[in-house]
Amino acid sequence: MSSGQSLAVTRIATASHAPLALHKEAASDRAPCCRCPHCNVTALARASPFVVDSSELTTAPPFASLPFPSSPLPAKPQSPTLPIPLIGISLAALLHAPQSTPPLSAQEHLLATLPSPLIFPPCLPYPHYTFADHTATRHQLTFADHTAPHKQLSPPPSLSLSTLPDTMAPTKKAVHFGGGNIGRGFVAEFLHNSGYEVVFVDVMDAIINSLNDAKSYTVTEIGADGQRSFTIDNYRAINSKYNMPEVVNEIATAEVVTCAVGPNILKFVAEPVAKAIEARSSDLPPLAVIACENMINATTAWKGHIETYIKDKLNAETLNTIEKRARYANSAIDRIVPQQDEGAGLNVKIEKFYEWCVEQKPFENGGNKPAIEGIHYVDDLEPYIERKLFTVNTSHATAAYYGHQAKIPYIHEVLTDQKLHDTVRAAVKETAALIVKKHGISQDEQDKYVETIISRISNPTLKDNVERVGRAPLRKLSRKERFIGPAAQLAEMDLPVDALLGAAEQAFRFQNVEGDEESVELAKILKEKSAEDAASHITGLDKDHPLYERVVAVVKKVQGA
Ligand SMILES: NC(=O)c1ccc[n+]([C@@H]2O[C@H](COP(=O)([O-])OP(=O)(O)OC[C@H]3O[C@@H](n4cnc5c(N)ncnc54)[C@H](O)[C@@H]3O)[C@@H](O)[C@H]2O)c1
Ligand SMILES: O=P(O)(O)OC[C@@H](O)[C@@H](O)[C@H](O)[C@H](O)CO
């Protein structure tokens, strides 16, 4: 093959099985599969409605500009020896070209269409390289031997990287901060299943290294009807401790950025988003920003940190066109992801139940509402997030704090103790009064919701420990959170709050728990401050609020104990 030659591409109809059929046909008609463990038709079938017919090598443009080697293509190789003709790589890129894309230059194909891991069709006679990473810039392009995809190789000598464009936005990319339980087990799962490449960002070396080494992990859903496991792949991971510019680059070219890092961490994940918003090309639709935290208006809080950073440290004029650059949507996320078993590595065990509600109004008028399967877009999020936080998390936390005092290790075990079970129910009976009255949800519907939640948190297979659920007591005792939030509103309506104050008392007693910094800080505050000051400081209640004196009485009781 001479350097002017290129490939003809057969465009296959939209039916998703078509590439698979063609692949099989090609496999039987031409060279046999090399039978390496990575040559599987599933990878090809999932990837694209394009298939290259290797018999149709032509000299036609537009691929003539690729620096193809002048030597003829080898027959089916016996082993993955180097150097490898570039044709193999361009074939792979073409194989994965998105169906809707008009003819692109070969270079554009090469960069725009690299899913990860990119597997060569085994039937083609030049299956030597695979791309180790889906990449946005030519500088990050990496290669691996397709028979050993974790082994990185130097770029093929025939590939002139300098001819490739500097940056290309992948077709569908999401950046997610927090590779922890909910990040890996829920957010990434939904993004992955919706066709996004997920770029995890975390600060834990162990998580980032494992994610990058493993290339895939397993999520196991546990339901009443048994378990179901599936694989999450097509992701990369970046440690923001060392590679902040890379994180900024990824967000600047992503469709959506999410986080599940904990409400107190939002301020630390604002800087890269601020810089990415400023760097974002005006050719791209606005970035969708969605925080997935247990916190009312978490995205609004994240937005505050992001825009303060832009105003104070970047070009404040960016904020004049912010609507074109970013859209912020609050969300309510519900799925129990317990602490994982020792030795589970990246694999995540989660409950089957889930609910992910996201505001849709922010995406109106030129926003780009992410097509994430499983998201329930709503006009008004408040009823959803209050119902969730003040039912799921109030009952959960009540069980955790009473359980901790009773030295019961797991939430489901707390619920099997009839007295504690009733105590948990009493707390959510009080919050139900608020939910029904404030949000117009019928008593019947709320009762059913409560039953579902009690059954979820009683699930013994989750083995959710009370320390995880009780973690961060200062946050959980704060003004808008699961105890004081509903109790304050109920007190304003002169409705009962005894059970909620009983649970709050147990939360005040969650002190000096190993591994929980807030529990240590709580102990210090209660030791050093008067009951009045501690109550104000921790709960944020005004002194003239109808709940304030009752909380002071609880604090006094805990301090006197
Ligand atoms: N686990 C659940 O059942 C559940 C369910 C719904 C919502 N949530 C919420 O999701 C959030 C995360 O909870 P989780 O259980 O996954 O916690 P987790 O501790 O398992 O995960 C948090 C992750 O954030 C990472 N992180 C911390 N600082 C960071 C930073 N500066 N940049 C990037 N990453 C950083 C941590 O290293 C960790 O991997 C919390 O707000 C929680 O309330 C949890
Ligand atoms: O994550 P937290 O610390 O706000 O609360 C602990 C648990 O109640 C929480 O993680 C639940 O498992 C989750 O909110 C269920 O959707």
Side-chain angles (χ1 to χ4, degrees), residues 175-189 199-208 210-211 237-244 247 251 257-273 290-296 298-299 301-302 305 331-340 344 346 348-351 353-357 384-385 387-401 403 411 424 452-453 456-457 459 462-478 480-483 485 507 510 515-516 518-519:
V175 177
H176 175 78
F177 285 89
N181 287 342
I182 206 81
R184 293 201 310 283
F186 185 9
V187 182
E189 180 207 326
V199 180
F200 287 102
V201 179
D202 206 297
V203 288
M204 298 268 290
D205 295 359
I207 290 183
I208 295 299
S210 304
L211 281 167
I238 305 174
N239 195 324
S240 53
K241 261 193 315 193
Y242 315 122
N243 297 315
M244 195 57 111
V247 174
I251 303 169
V257 60
T258 52
C259 71
V261 288
N264 298 340
I265 306 293
L266 287 173
K267 54 180 171 291
F268 300 113
V269 293
E271 176 186 334
V273 184
I290 307 173
C292 307
E293 313 286 352
N294 271 344
M295 177 188 178
I296 292 174
T299 309
W302 197 10
H305 297 301
S331 89
I333 192 153
D334 188 7
R335 192 167 208 180
I336 298 174
V337 191
Q339 190 170 305
Q340 302 300 304
L346 295 170
V348 192
K349 173 181 79 175
I350 55 176
E351 67 169 336
F353 178 97
Y354 69 82
E355 190 173 37
W356 187 2
C357 302
Y384 293 93
I385 183 108
R387 185 175 73 156
K388 189 266 169 172
L389 198 64
F390 299 163
T391 312
V392 181
N393 297 108
T394 302
S395 60
H396 221 186
T398 303
Y401 292 128
I411 296 292
V424 170
T452 305
I453 304 314
R456 285 173 60 202
I457 68 174
N459 182 349
L462 286 176
K463 279 190 91 179
D464 205 359
N465 67 44
V466 298
E467 284 76 23
R468 181 194 82 81
V469 179
R471 68 185 171 188
L474 289 175
R475 166 167 63 88
K476 289 185 170 122
L477 283 165
S478 64
K480 293 187 174 164
E481 264 283 344
R482 55 206 79 185
F483 298 129
F510 193 79
D516 192 295
E518 284 196 19
S519 71

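All ligand and atom numbering here is 1-based and tracks the order in the structure.
Interface atoms of ligand 2 facing Val469, defined by a heavy-atom separation under 4.0 Å, are 6 (C), 8 (O). Proximity to Ile336 (heavy-atom distance under 4.0 Å) selects the following atoms of ligand 1: 3 (O). Of all the atoms in ligand 1, the ones that sit under 4.0 Å from a non-hydrogen atom of Met204 are 37 (O). Those atoms of ligand 1 with a heavy atom of Val201 less than 4.0 angstrom away are 33 (C), 34 (N). Within ligand 1, the atoms closer than 4.0 Å to a non-hydrogen atom of Ile207 are 39 (O), numbered from 1 in the order shown. If you number the atoms of ligand 1 from 1 as listed, the ones under 4.0 Å from a heavy atom of Gly262 come out as 11 (C), 40 (C), 41 (O). Close approach of ligand 2 to Arg475 (heavy-atom distance below 4.0 Å) involves ligand atoms 2 (P), 3 (O), 4 (O). Ligand 2 places these atoms under 4.0 Å from at least one heavy atom of Asn294: 1 (O), 2 (P), 4 (O), 5 (O), 9 (C), 10 (O), 13 (C), 14 (O). The distance from ligand 1 to the heavy atoms of Cys292 drops below 4.0 Å at these ligand atoms: 10 (O). Within the listing of ligand 2, atoms 15 (C), 16 (O) sit less than 4.0 angstrom from a heavy atom of Arg335. The ligand atoms of ligand 1 that sit less than 4.0 angstrom from a heavy atom of Val269 are 30 (C), 31 (N), 32 (N). Which parts of ligand 1 touch Ile333 is read off a 4.0 Å heavy-atom cut-off, strictly below it: atoms 6 (C), 7 (C).
Looking only at heavy atoms of the protein, atom 28 (N) of ligand 1 is closest to Ile265 CG2, 3.4 Å. Atom 16 (O) of ligand 2 has its closest protein heavy atom at Asp334 OD1, 2.5 Å. Scanning all protein heavy atoms for the shortest distance to atom 12 (C) of ligand 1 gives Ala260 O, 3.5 Å. The protein atom (non-hydrogen) at minimum distance from atom 1 (O) of ligand 2 is Arg471 NH2, 2.8 Å. For atom 5 (O) of ligand 2, the nearest non-hydrogen atom of the protein is Arg482 NH1, 3.0 Å. Nearest to atom 3 (O) of ligand 1 among the protein's heavy atoms is Val337 N, 2.8 Å. Scanning the protein heavy atoms around atom 42 (C) of ligand 1, the nearest turns out to be Arg471 NH2, 3.7 Å. For atom 38 (C) of ligand 1, the closest heavy atom belonging to the protein is Asp202 OD2, 3.6 Å. Closest to atom 35 (C) of ligand 1, if we only count protein heavy atoms, is Val261 CG1, 3.6 Å. Looking only at heavy atoms of the protein, atom 40 (C) of ligand 1 is closest to Glu293 OE1, 3.3 Å. Nearest non-hydrogen protein atom to atom 7 (C) of ligand 2 is His396 ND1, 3.4 Å. Annotation: atom 4 (C) of ligand 1 to nearest protein heavy atom, Ile182 CD1, 3.5 Å.
The CD1 atom of Ile453 sits 6.0 Å away from atom CG of Asp334, with the distance rounded to the nearest 0.5 Å. With rounding to the nearest 0.5 angstrom, the CD1 atom of Ile336 is 7.5 Å from the CZ atom of Arg468.
Here the side chain of Thr394 pairs a donor or acceptor atom with the backbone of Leu389 at under 3.5 angstrom. For Trp302 (side chain) and Val269 (main-chain N/O), a donor-acceptor pair under 3.5 Å exists by modelled atom type. The closest donor-acceptor contact from the side chain of Asn239 to the backbone of Ile208 lies at 3.5 Å or more, if one exists at all. Between the Ser331 side chain and the Ala291 main chain, a donor and an acceptor come within less than 3.5 Å of each other. In this structure, Ser240 contributes its side chain and Val203 its backbone to no donor-acceptor pair below 3.5 Å.
With contacts defined as side-chain heavy-atom distances shorter than 4.5 Å, the pair Asp464/His396 qualifies. Side-chain contact check for Glu481 versus Leu477: every heavy-atom pair is 4.5 Å or farther apart. Proximity of Val273 to His305: side-chain heavy atoms (C-beta onward) are nowhere separated by under 4.5 Å. In this structure, Arg184 and Leu346 have side chains that are in contact, with non-hydrogen atoms separated by less than 4.5 Å. Within the 4.5 Å cutoff, no side-chain heavy atoms of Val392 are placed close to those of Arg482.
Scanning Glu293, Met295, Arg468 for the heavy atom closest to atom 12 (O) of ligand 2 points to Arg468.
Among Thr258, Ile265, Val247, the one residue that satisfies the side chain to side chain contact (heavy atoms under 4.5 Å, CB included) test with Phe177 is Val247.
By the 3.5 Å distance cut-off applied to N or O atoms, Asp334 is not counted among the residues near ligand 1. Residue Arg475 has no nitrogen or oxygen atom sitting less than 3.5 Å from a nitrogen or oxygen atom of ligand 1, judged on distance alone.
Looking at Lys476 against ligand 2, only its side chain comes within 4.0 Å, counting heavy atoms. Contact annotation: for Glu355 versus ligand 1, there are no heavy atoms closer than 4.0 Å. Residue Arg335 touches ligand 1 through its backbone alone, judged by heavy-atom distances below 4.0 Å.
With sequence neighbours excluded, no residue forms a salt bridge (Lys or Arg N to Asp or Glu O under 4.0 Å) with Lys463.
Between Tyr354 and Phe186, the two ring planes are tilted [angle within 30° to 60°]. Classified by interplanar angle (parallel below 30°, tilted 30° to 60°, perpendicular above 60°), the ring pair Phe200/His176 is perpendicular.
The shell of residues lying under 4.0 angstrom from ligand 1, judged by heavy atoms, excludes Arg184.
Looking at every heavy atom in both residues, Tyr384 comes nearest to Glu355 through CD2-OE2, 4.4 Å.
Salt-bridge formation is not detected for the pair Glu293/Arg475: no Lys NZ or Arg NE/NH1/NH2 atom is positioned less than 4.0 Å from an Asp or Glu carboxylate oxygen.
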